[in-house]
Amino acid sequence: MKILMIEPNRLLARTYTKALELVGHNVMWSNGAQQAVRIADGQKPDLVLLELQLVKHNGIAFLYEFRSYPDWQSVPVIIHSMVSPDNLQVNKEVYRRLGISAYLYKPQTSLKNLVSTIDQMFALSS
């Protein structure tokens, strides 16, 4: 499965990519929103893994843009962020509209849990 990972931290991106590729996923990495849109345009991802704290855009702005394209309406999104869900202040309707399937808070999420959540997401879509 193709995962579009939007992660500004290069070291974390490498770590996540290695772990996900070990279990058979193809990871396309972007460090920002603009590049992520270009990657998604060239190769439709099966899932988006998104850090909300991006350099020029925030992750929610990226999601609004991403969801504006008909081809990307049904792509599941997992937020994996240093932003606590309590600090995000987004209601369940916005989660549903933006297609946020899971929210993982980085300080409380192990690498094993991240990979497991992604694998579960793919199992549900198969």
Side-chain angles (χ1 to χ4, degrees):
M1 296 290 191
K2 292 186 290 189
I3 299 170
L4 173 56
M5 176 175 45
I6 306 161
E7 172 58 61
N9 183 308
R10 187 177 307 274
L11 181 60
L12 288 178
R14 274 193 227 133
T15 301
Y16 302 150
T17 297
K18 284 180 185 178
L20 291 166
E21 287 178 344
L22 276 174
V23 295
H25 299 296
N26 175 21
V27 179
M28 303 170 289
W29 172 64
S30 171
N31 64 356
Q34 296 288 20
Q35 181 185 28
V37 169
R38 285 192 300 274
I39 291 170
D41 194 34
Q43 299 182 15
K44 182 182 175 189
D46 298 307
L47 181 134
V48 172
L49 181 62
L50 174 65
E51 166 60 67
L52 294 176
Q53 293 182 324
L54 303 175
V55 176
K56 293 185 181 179
H57 294 86
N58 70 48
I60 297 298
F62 163 79
L63 276 177
Y64 276 107
E65 180 178 353
F66 187 74
R67 292 300 185 207
S68 72
Y69 295 89
D71 288 350
W72 303 336
Q73 297 275 321
S74 63
V75 176
V77 172
I78 295 175
I79 293 178
H80 184 232
S81 183
M82 288 300 293
V83 177
S84 163
D86 297 332
N87 291 340
L88 188 57
Q89 311 246 337
V90 173
N91 66 37
K92 290 182 184 201
E93 174 57 27
V94 173
Y95 270 72
R96 188 191 62 70
R97 193 169 359 119
L98 292 176
I100 300 170
S101 302
Y103 195 115
L104 303 173
Y105 182 45
K106 283 182 182 175
Q108 297 175 348
T109 304
S110 68
L111 188 56
K112 182 178 179 179
N113 186 271
L114 173 65
V115 172
S116 174
T117 300
I118 289 170
D119 285 344
Q120 289 172 10
M121 205 61 62
F122 284 128
L124 291 174
S125 67
S126 301

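Below, all heavy atoms of this structure are taken into account, side chains as well, without hydrogens, waters or symmetry copies.
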Minimum-distance pair of heavy atoms, taken over all atoms of [X] and [Y]:
X: G59; Y: L50; answer: O-CD2, 3.7 Å
X: A13; Y: E7; answer: N-CG, 3.9 Å
X: R67; Y: S74; answer: NH1-N, 4.1 Å
X: N31; Y: L54; answer: O-CD2, 4.5 Å
X: S81; Y: E51; answer: OG-OE2, 2.6 Å
X: V27; Y: E21; answer: N-OE2, 4.1 Å

Out of curiosity, does [Y] fall in the hydrophobic cluster containing [X] (side-chain heavy atoms, cut-off under 4.5 Å, transitive links)?
X: Y105; Y: V48; value: no
X: Y64; Y: L4; value: yes
X: V23; Y: L49; value: yes

Using 0.5 Å steps for rounding, measure from the [atom1] atom of [X] to the [atom2] atom of [Y].
X: M1; Y: N26; atom1: CE; atom2: CG; answer: 11.5 Å
X: E65; Y: I60; atom1: CD; atom2: CD1; answer: 13.5 Å
X: T117; Y: L104; atom1: OG1; atom2: CG; answer: 4.5 Å
X: M121; Y: D46; atom1: CE; atom2: CG; answer: 13.0 Å
X: L114; Y: K106; atom1: CG; atom2: NZ; answer: 9.5 Å
X: L47; Y: I78; atom1: CG; atom2: CD1; answer: 4.5 Å

Close side-chain approach of [X] to [Y], heavy-atom, < 4.5 Å:
X: Y103; Y: T109; answer: no
X: Y69; Y: V37; answer: yes
X: W29; Y: R10; answer: yes
X: Q43; Y: K2; answer: yes
X: V77; Y: W72; answer: no
X: D119; Y: H25; answer: yes

| task | Measure from the side-chain N and O atoms of K44 to the backbone N and O of D71, and report whether any donor-acceptor pair falls under 3.5 Å. | result |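 Confirmed, K44 side chain pairs with D71 backbone.
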| task | Begin from the C-alpha positions of N58 and V83 and carry the test side-chain contact (heavy atoms from CB on, under 4.5 Å) through to its verdict. | result | CA-CA 11 Å; N58 70 48; V83 177; over 6 Å; no
| query | What class does the angle between the rings of H80 and Y16 fall in, given that below 30° is parallel, 30 to 60° is tilted and above 60° is perpendicular? | reply |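 Answer is perpendicular, since the angle exceeds 60°.
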